[in-house]
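What follows is a short report on a single structure.
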Amino acid sequence: MSVEYWLRGEIPQPLKATVITDVKVLGGRIKQHKKPVILLGSELYRLERIVSSDIVATIVDIANAVKADLTTSSSDVVQRLDSMGFKRYRVGFPMSVVQKLARDREYDLAIFIGFQYHYEWLLLNYLKHYAYRHLNTLSLEPYGHPNATWTMPSLPIPLWHKNLLALTEVLKT
Amino acid sequence: MSVEYWLRGEIPQPLKATVITDVKVLGGRIKQHKKPVILLGSELYRLERIVSSDIVATIVDIANAVKADLTTSSSDVVQRLDSMGFKRYRVGFPMSVVQKLARDREYDLAIFIGFQYHYEWLLLNYLKHYAYRHLNTLSLEPYGHPNATWTMPSLPIPLWHKNLLALTEVLKT
Amino acid sequence: MSIPYSKFKMRIDELKTPLSEIRGLDLSIGYVVEEWEEPQGPTPFPSIATLRKWDHVLLNRYRPLYLPFCDLCCLCTYGKCDLSREKRGSCGLGLSDQQSRLVALVCSIGASTHVSHARELFEKLVERFSRDHPIDLGSQVRVEMPITRLVTGVKPRTLGDLEIVLDYVERQIVQTLASVHTGQEGSWIDYESKVFHLGMLDHVALEVADALQVAALDFPKADPESPLVSLGLGVVEVSKPVILVIGHNVIPAGAIVDYLERMGIRDEVEVCGLCCTAHDITRYEKKRAKIVGPMSWQLKFIRTGVPDVIVIDEQCIYTNVVEEARRIGAVVIATTDKACHGLPERSSESPEEVVEELLSGRIPGALILDHDKAAEVAVKTALKLAPTRLKLKAQLPLEDVVEYAKKCTKCRECERACPQNLPISHAMDRASRGDLVGLTDIYEKCFACNRCEYVCPRQIPVLNVILKAAGEKRSSEVFKIRVGRGPIQDTEIRAVGRDIVLGAIPGVVAFVGCANWREGAVDVPIMAREFAFRRYIVVASGCSAMAIAMYKNDEGKTPYEEFTGEFTPGGVVNVGSCVANSHIAGAVIKIANIFARLPLRANYMEVADYILNRIGAVGIAWGAMSQKAAAIASGFWRLGVPVIVGPHGIKYRRMLLGDGERDEAWFLYDAKTGDKVYGGPVPEHLFYAAESRGEAMIMAAKLCIRPADTPQGRAIKLTNYISLYKKFYGYDKLPQDLHLLIRTESDIPITYKDEVVRFLREVNWRERPSISDPTLLEEVVRKRLKVMK
Amino acid sequence: MSIPYSKFKMRIDELKTPLSEIRGLDLSIGYVVEEWEEPQGPTPFPSIATLRKWDHVLLNRYRPLYLPFCDLCCLCTYGKCDLSREKRGSCGLGLSDQQSRLVALVCSIGASTHVSHARELFEKLVERFSRDHPIDLGSQVRVEMPITRLVTGVKPRTLGDLEIVLDYVERQIVQTLASVHTGQEGSWIDYESKVFHLGMLDHVALEVADALQVAALDFPKADPESPLVSLGLGVVEVSKPVILVIGHNVIPAGAIVDYLERMGIRDEVEVCGLCCTAHDITRYEKKRAKIVGPMSWQLKFIRTGVPDVIVIDEQCIYTNVVEEARRIGAVVIATTDKACHGLPERSSESPEEVVEELLSGRIPGALILDHDKAAEVAVKTALKLAPTRLKLKAQLPLEDVVEYAKKCTKCRECERACPQNLPISHAMDRASRGDLVGLTDIYEKCFACNRCEYVCPRQIPVLNVILKAAGEKRSSEVFKIRVGRGPIQDTEIRAVGRDIVLGAIPGVVAFVGCANWREGAVDVPIMAREFAFRRYIVVASGCSAMAIAMYKNDEGKTPYEEFTGEFTPGGVVNVGSCVANSHIAGAVIKIANIFARLPLRANYMEVADYILNRIGAVGIAWGAMSQKAAAIASGFWRLGVPVIVGPHGIKYRRMLLGDGERDEAWFLYDAKTGDKVYGGPVPEHLFYAAESRGEAMIMAAKLCIRPADTPQGRAIKLTNYISLYKKFYGYDKLPQDLHLLIRTESDIPITYKDEVVRFLREVNWRERPSISDPTLLEEVVRKRLKVMK
Ligand code: SF4
Ligand code: SF4
Ligand code: SF4
Ligand code: SF4
Ligand code: SF4
Ligand code: SF4
Ligand code: SF4
Ligand code: SF4
C-alpha cells in the first residue's frame, strides 16, 4: 500500500506527486520553503478519533517549528487553536483560500491535512495546474495524494500518526 | 524513465502492470506458464531499423526456448519466419487473435512485441478485463505498458535491445 | 434560429387538395399573433449567442476556478491528450477549455433528460386530455409558467401550446451540444456561456414538465396546505404485495394506482416510490402512496427483500437493478425506451402471458411501453408473486454480521473503493467485538453504492453487513412529508416581494438536488431548520425535500409539521419533484415581475440583472450528483441566483468564484445616473462547493446579500451572517470581510454595533454610497434614463 | 413519439379569430397525406425502441469486443468509479455498459453536429431561396433522399419539406442522449442499440444537409464528370491576399466568393479551404477555389504564414486557431455561435469599423454572425493586411533546423507526448548531422497537433522544425481532385445493381472519414487504387477523398485523373464533403430499391436486412477521428454495412465482431422455405480496427462477401480475397477460413482451384447448400411466404 495513492478509482494524473516515505526527507522539503501555510480540513476530528490523539496540537508544533501560518474553516479547530493561544491562524474557507494562494503569491508551500479525500484531491489539482509557478503543495494525509507536489504515502492510520509525530521532531531540530 | 509507463497522456489504470526491470525475473515469469503465445506486431520493423538488428530472429529464439507459438499479421514477419523455416506460427489479425485468446483458453500467457503503442494498449486492456481469469499478458516493448500483467520498462531503445537479448539467454538456459 | 411562430390551431374534418387529402385531423399551429397584453420583449426564443453578452458580464466577474477531475481528454481518437498545465490537446484545446467543455457536455445530458421527460409527458397527456386542456395551475396563479414566458416570449394557455416550447428547447440543445464536438468551440468563456444557455433551456424544460403534470393530473395547485404523507423505510406494510416505483416519470406509477382503483383493490397492494416518482405519485394520489426515500435508498430498500415488483421509469435508477431484483426473487418492469435494461419487450403480448412468463422465471423482467398494460402486469404479478416471496423478505441474520466482521483483515480495500471513504475497517473491527456503533455510523453516510463489496478480498458482503447492522432501527422509521405543492401563488409573491427586494426578509434559501451527501441526510434538515428559524423563506425539492422530512425535533415533529408550508418567512415549502425546481426559479422571476412590474415577456437579461442585484435568493444543492443537477444549477446562474453545493459537488470541475479583493469586478451602473459605481462583492460567488455544513450556512447567508439592499435590509442580512459566523467560530469572532459589505453606517447591525465599528476602524473602512438602482446592463441604464426624461 | 404529420401548407393574407390575428403569413404544414405512390411502410419516424429488435439481432451476432479507453467513469459526482474487471460504479453500471454508453454519448455529439449543421443550412437557404425551392438533385436522380424516405416515410419535394425531418432528428437525438444520464439505461446491448439509432439519425441529417446545399447552391448534381480542381499546400498564389476558410459550413465561404464576384475582384484574392468547407466551396464555385488539404493540414498550412485572414465556420477547426493566427499576424473571423472562440461579437457594427479594429490589432478577430458582412470584412481585411504581411509569409530558416536539432538531448519527452509515437529524437539526431530524412519521414505521418512542442524541456519548436525540414518539398506540391459530385444516379444504380447483388462486381468500397492516419495520407490512395484496379466500385468523401488525390502514378496522374468518376467497376467516385457520405448509404439503399424493387418508404428493417445479406459494400474510415465519424459508422452498421477503421480507430472503445467459429451465430432464414439454415460468417464483422493497411485490404475484400452471393459471385469475391492474401503473405499461402466461406464446389475460384480443393480436403470441408433468399427477419419470411401462396 505504501507508495500507492489512496483511492483505486482515482487514477493518478500525468503529473503525479512524489511520494515521500522518509520523514527526514519530508522535513527537508518543508524547510526549503520560506513561507509555508498549513490548511486544516474539517475532517481532522475523524483522524483524531481513530488515533485518540490531539493532532491539532501536533500541527501547531509543526507550525511553530517552521513559522507557518494556519488556516481552517473548522469551528472545532478554531476553538482549539484559541484555547491553545495560537494566534497565527485565519478562518478561511478552503475554496477562497486556494483562490488566494494562486493569486497572491504570499506563500510558497501549502500543506494540507484533515480534508475529505476528494475535496482535497481537487483543490490540489487546481493548484497543480494554475499555481505551479510559485507554489508547491504537500499532503500530510494518511492517504497518498497524487495531485500534490509531495505527499506522504497511504498508510494505516496509527503508522501515519507515528510518522507525523516523527516529522514534528525533525522539524523542531 | 525506467519504471514509468510510456505515454504521458495514458494514465495508468486502477489495475496496472508490474514493471519488471530484471530480465531474470522476467524469464522466470515466462517460464511459469505452460502455453505461451507471442504476438508480433506489424511495426516491428521500426524497432529493427533503429537498432539495426534482426529482432524477428531473436523472437524465434525465444519462441523456441519456451515452445511458444507465434502469431502475426505482418507480411514482412511472415516472409522472414518462412525463410527461417519456423513453422509454429499462424497468420492472424490481432483483433481476431485477442478475441480467440479470451474465448478459447488455449494459451495462458500472451506476449506482445512490435505493435503501435495505442493499439496494443487497448488490446491489452480488453484482455485485462475480459480474459484475466485464465490469461496473463506480457509486453516486451521498449515502452512500459500499463494494461499488461507484466511489462518491460520504458527504456531507450538500444538498452531495451540489450535486455531483450539478455532475456533470450535467460530463457535458453 | 428562426422563431417558431408558424403554428396555428384548426380542426379539419375533410379537405381535399390536388396534393393531399385530409381526414379528421387536429392541426395545431398556435402562436401566430396572440393576445397576450404584454408586448414582445427583446429576446424571444434566444439562441446560443443571444444572451452571450450577459454571460460574459457574469463570467468576467465570476471567473471559473477550474478543478480538473481528470487532466486528460479522451473524447476522440486523436487522444488521449495530456492537458496538464499549459499543454493542449491534438485539437488545440487547453485544460480550462476542456473543463468547461465537459461541463457543457454534462449539462446537455441534463437538459436533454428533462426535456425528453417533458416531451414524453406532453405526448401521453395530450393524447389523454387533448391539446386544449387548459394550463390551470391554481386560482392564485395567474402568472403561470414565468420561465417560459421570460425565455421564449410565449404565454401558454393549453397543453398543446407547449409544443413549440419543447421544439425550441430540443433544437437549441442539439445546437449547443454540437459545439462540444472536436474542433468547434475553442474558448472556455464561450463554453461557459453555452453552459448557461443549456441551464436556461433546462429550466424551461422543467417548467413545461411540471406544468403538464400539475395541470393534467390534478396535482396540488400551489397549495400551501397540501397533505402530509408517510416517508421512510418503515412505511411499507410488508404483509401486502409491494410494488416499488423508481424514477422520475409519474405516468406508469399513476397507471398502477388507477388500475388498482379500477379493480377496487387499492388497499390490497402497497405502492411505494423512490426518488422523484415517489414525490409525484404522492402528488397524484395525495394520500395512500408512500415515499421510501431519496435516490440512494434504492439498495437499502431493495435489499430488505420487501418489494415484489419493481417498476422503473426513467432517471436515477440503480442500473444493476435487474440483477438486484433477481437476487431477492423480485421482477422488474421497464416502461421507457430510454431505459430498457436489456429486458425483452412485451408491449404487444397479452398481460396474462407476460405475468406467466415473469412468474415462471423465464424472463427476469419485461419492457412494456404501454403503461396501462405495464400497470396491469405489475399488479397481477405482485399479487401472485408476493405470497411465494414472504420468506425472502428477511435479511441477513444479525449473528452473521459479527461472523463476517471477524473475517475482516483490515486491508482497507473497501475504504479505498468507497466514494465516501468511510472507515469500514475500523467499524468491522468494533463489530467483530460485538459493537455495531461503527457500522451504524457508516450506515448514515453510506449511499448503498455497493462499491465496497466488489473489492473485498475476503468476500465479505460489506454493504449487506452495514445494512443489517444498522438497518433494523432505520427500517422501522416513518416520517411525514408535505406533498409537493407545485407553484408559488401570485398572492404569496405579492405579500413578500417587497420585503425580499428591500432585504427585510433576509433571503430565500432553496434546498434542491440529489442525495450525494457527505454526512448523510441529516445536514439538510439541520440547515433548513436554522434558516426557517431565522425567518428566511425555505423551499425544497427532490431528494433534498425528502431529507428535510427525515428529522424529528424534540416533540417528534418533522420540519414539515413544525413549519408552515406557505412561501413566507419561516415557511418550509416542498415544491415537489426535480422538475418542480422550476417553481423556485419561477418564484424569483415572479418577484421581479409581480412586485417590481418588470416586463416578463422575452425579457431575460433585464430580469436576470434585476434578480442578481436585488433578490436575495440562494440554492443549496447539498448532495448534487447528477448531470441534471448541473443543468439546473446552470439555469440558476444565468438567472443571477448563486448555488452552493456540498463537498462532492467540487467534482463538477469548476466553481464560479467572485473575488472580493478584485475591486474593479464589483463596479456596476447606477441606473438613475448612468454612473459606474462600486457595489461591493455581492453576491460574492455564483457557484461554490463548501467543505462543511457550517461553511455552507455562513456562505448562504452571505450570498443573500445584494447591491440593492436598503440599509435596514442590509443590516438584517448582516445580522444573520455575523451571528451564524459567531455561532460556528466563537462569539469573539467577526467575519473578516465586513468592511466590503458595509456601505454606510446605517448598514451596521444594531446587535453587533460596537464590535463592528471597532473592526471597521481597524481596517480603515470608509463609507461608500449605496445604490438604489444597480444594474450591470447599459441597456437598463438607457431605458431608465429615457423614462426619466 | 408521435409522428409529426401535423403540417400543411397555406398562405394566409389576413385572418382574424377571437384569439388571434394573422397577417401575410406563409404557414407551412406539409405532409398530411401526400401523394407519394408508395404506401406507408411499417416504421415511419422510428423512435428508440422501434428498430430495437433488428439491433438485437445484429448485436447478438456481432458482439461488442470492449476495449476500454479508460477503466473509470467520471460522469457524475458519485465517481470517479473504478469499473475494472467485474466492478460496478456507484450507480450500478459495469464496464461494458459504460463503454457502450460512452459510444452513445460520442455518437450523440456526432449526430447533433450534423443535424445542427443541416438546421443552419436549412434556415439560411430557405430564407434565401424560399421553402418552395425544389429538391432537384439532377435529372438522373428520381429517388432523391433515399435515407430520409427509408427512415421517416417522407418524400421531400421542396426545401421546406425538410423541416419535419429535422424536427424528428433533433427530437430523437435529445431522447437518446437522455438515456446516457446517470441511472437510465443499464445494459450494454441497449446502449449499443441506441448507438445504432443515433447513427441512423445521423445519416438522415447528413442527407438533409447535402440535399439542401446541392439543391439550393447548385452543386454538381450527380455528375460523374464534375470538374477537376487543385489541391495541395502548393496551390496558393502567395503573392495575392489569401483567405483561408476552415470548417464544414459552406455559407460563409460562399458569401466570400459571391462578394468577390460582385466587386469584380475574384481574381485578386485567393480563396482556399481546409477540411469539408474546402470540398464544398469547390462544389459551389467549381473552378477557382482551391483545396489546401484535409483537417490535419491546418497547422502545416497556417505556419507557412501564408493566410492573411482565416474564416472559420464550424467543426474540425484547430481550437487554438486564434493564437496560431496571432503568431503569424493573421486575423480570425468566426461565423457561427457554435464556435465563437472567445472573440468579440461584431455582427451589428459596420464592416469598415470592424476592418479598422482588426487592422489596428485591437482585437485578434471577430465573431460576425451575418455571413455577408463577415465576407465583406474578410475580403477588405485581407486586401489591406496582405501587403503588410509579406515578410511574415516566410518560415523558419533551414539552418535553424540543424541548430535546434543540435540542442536536442534525446530525452524523448516529445515522443511520449506524440499521438503517433513518432521517432523524433532519432530524427533530431540525424538532423543534427545535417541529414533531414528522418524529419521528412516524420512529416508524412505527423498531423501537426503540436503536442511535442509543449513538452520539450529544451524549448525546441519541434513541430516547426519538422515542418521546415520537410515542408519545402511538400509545400510546392499540387494535385488534382474531382469536385464532389453528390448523389449517385438512378441509371448508374440500375447499371450495376444486379452485378453487385449477384456478386459479379466484387464490392463497393467506400473511403471515408478523417485524417488520423497512422502512416500519413499515403495508405488511402494505395488502397483505393488497388480496389479500383480490381474492379470494385470505389467511392470517397471528406478527408479521405482528399487523401486519394495526394498521390501520383508513374505518369504523374492522380487517381482522379487515372480512373473514371462514374459509379461503376473501376471508378473512383468523390461524392463530396462529410455530409455527402449520405450518398454512399443512399446508393446502397437505392440498389435495394431500384434494382430489387424493395419498398423504400419507412421500411428500414427489410432494407437493412437486404443490404446485410446481399450488397457487398464496406466502408473504410482509415483515419476516423471524430465523434461525427463514430456516428456515421453507426449509421452504416444499422444499415448492414461493415466498417473498417485504422489502428487509431481502436480508441472508439469497442469493435463489433462476429465469430466465425460460433456456428449458431450464422444461421438465418431461407425466406423461400422459412427454414433456419447456416449462411456462413458473412459479412464476418460489422466494425473492425485493422492494424495495418494490408490487413485492412484483405479484410475489406472478405467483408464484401454476402450470404446471397451466387456461386459465380462468391468465386469472384473469393478470388480477390485469396489474391490479396497471397499478395501480402506469400503465394504459397491461403486464408485459413476458406472452408467457412465456400458453400459448394462451384464457389471455388478457378484460379486457385487445386490448392483450395487441397485445403478443403485437409480441413474436412463439406458442402452446405447456398441460400438464394437469406434473411434474418421472421417478418420477411412471413411476407415472402404470403406472396408465394
Ligand atoms: S476524462 Fe474520465 S473517462 Fe476520460 S480519461 Fe479521464 S477519467 Fe477517464
Ligand atoms: S477532443 Fe481534442 S483534447 Fe480531446 S482527445 Fe480529441 S484531440 Fe485530444
Ligand atoms: S456501499 Fe456504502 S460503505 Fe460501501 S462503498 Fe458505497 S458508500 Fe461506501
Ligand atoms: S475489504 Fe474486506 S477485509 Fe478488507 S477491510 Fe474491507 S471488509 Fe475488511
Ligand atoms: S455515472 Fe455511474 S459509473 Fe459514472 S461516475 Fe457516476 S456513479 Fe460512477
Ligand atoms: S505535431 Fe506531429 S510530431 Fe508533434 S506530437 Fe503531433 S503528430 Fe507528433
Ligand atoms: S523533447 Fe526536445 S530535447 Fe527531448 S527528445 Fe524531443 S526534441 Fe529532443
Ligand atoms: S473527414 Fe473528418 S476531419 Fe475530415 S472534414 Fe470530415 S469530419 Fe473533418
Side-chain angles (χ1 to χ4, degrees), chain C residues 2 6 20-22 27 32-34 48-49 69-70 74 76-78 87-88 90-93 109 112-113 115-116 123 170-171 173-175 177-187 189-190 315-320 337-342 419 449 451 454 516 625-627 648-649 651, chain D residues 2 6 20-22 27 32-34 48-49 69-70 74 76-78 87-88 90-93 109 112-113 115-116 123 170-171 173-175 177-187 189-190 315-320 337-342 419 449 451 454 516 625-627 648-649 651:
Chain C
S2 71
S6 63
S20 65
E21 189 177 330
I22 303 181
L27 290 188
V32 179
V33 177
E34 41 90 303
I48 299 176
F69 200 21
C70 181
C74 61
C76 87
T77 81
Y78 269 151
K87 303 185 195 71
R88 290 176 175 274
S90 300
C91 62
L93 217 66
I109 298 173
S112 290
T113 303
V115 76
S116 115
E123 292 187 352
E170 288 161 345
R171 188 167 310 163
I173 289 174
V174 167
Q175 292 282 329
L177 175 58
S179 75
V180 168
H181 195 279
T182 300
Q184 295 259 45
E185 193 50 89
S187 136
I189 198 168
D190 280 312
Q315 306 169 43
C316 299
I317 305 154
Y318 185 74
T319 49
N320 202 24
D337 55 8
K338 278 177 287 188
C340 305
H341 289 254
C449 73
R451 269 160 55 169
Y454 300 113
N516 194 7
M625 171 276 290
S626 64
Q627 297 86 24
H648 282 293
K651 298 176 202 164
Chain D
S2 72
S6 62
S20 66
E21 189 176 329
I22 302 180
L27 290 188
V32 179
V33 176
E34 41 91 301
I48 298 176
F69 200 22
C70 181
C74 61
C76 86
T77 82
Y78 268 151
K87 302 183 196 72
R88 289 175 176 274
S90 300
C91 63
L93 216 66
I109 297 172
S112 292
T113 303
V115 76
S116 115
E123 292 187 352
E170 287 162 344
R171 189 168 308 162
I173 289 174
V174 167
Q175 293 281 329
L177 175 58
S179 75
V180 168
H181 195 278
T182 300
Q184 295 259 46
E185 193 51 86
S187 135
I189 198 168
D190 280 312
Q315 307 168 45
C316 301
I317 305 155
Y318 185 74
T319 49
N320 203 24
D337 56 8
K338 278 177 286 187
C340 305
H341 289 255
C449 74
R451 270 160 54 169
Y454 301 114
N516 194 8
M625 170 277 290
S626 64
Q627 297 86 24
H648 282 292
K651 299 176 203 164

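Within every chain, numbering begins at 1; the chains are lettered A, B, ... in the order of the sequence lines, protein sequences first and strands thereafter.
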Top contributor to chain C contacts, counting heavy-atom pairs under 4.5 Å, from D:N516, D:V115, D:T182:
D:N516
Of D:P419, D:G649, D:S116, D:C316, the largest count of non-hydrogen pairs under 4.5 angstrom with chain C goes to D:S116
Taking D:C340's backbone N and O only, do any of them form a donor-acceptor pair with C:E185's side chain (distance below 3.5 Å, no angle check)?
yes
What option among C:E170, C:Q175, C:H648, C:H181 has the most heavy-atom pairs under 4.5 Å with chain D?
C:H181
Applying a strict 4.5 Å limit to non-hydrogen atoms, the region of C:I189 in contact with chain D is side chain
Can you tell me how far SG of D:C91 sits from CD1 of C:I317, rounded to the nearest 0.5 angstrom?
11.0 Å
Atom group of D:D190 that falls short of 4.5 Å from chain C, counting heavy atoms:
side chain
On a heavy-atom basis, the closest approach of D:K338 and C:I48 is CG-CD1, 4.1 Å
Non-hydrogen atoms of C:M625 and D:Y78 that approach each other most closely:
CG-CD1, 3.3 Å
Distance col, row D:C76:SG vs C:Q627:CD, nearest 0.5 angstrom, shows 6.0 Å
Any donor and acceptor pair, going by atom type alone, linking the side chain of D:T319 with main-chain N or O of C:L93 inside 3.5 Å?
yes
What is the minimum heavy-atom distance between D:A178 and C:T113, and which atoms define it?
CB-CA, 3.5 Å
To the nearest 0.5 Å, what is the distance between CZ on C:R88 and SG on D:C449?
13.0 Å
Among C:G186, C:S90, C:S626, which residue has the highest count of heavy-atom pairs closer than 4.5 Å to chain D?
C:S90
Value rounded to 0.5 Å, distance of CD in C:Q184 from OG in D:S112
10.5 Å
Residue among D:A49, D:G342, D:C70, D:S179 with most heavy-atom pairs under 4.5 Å to chain C
D:G342
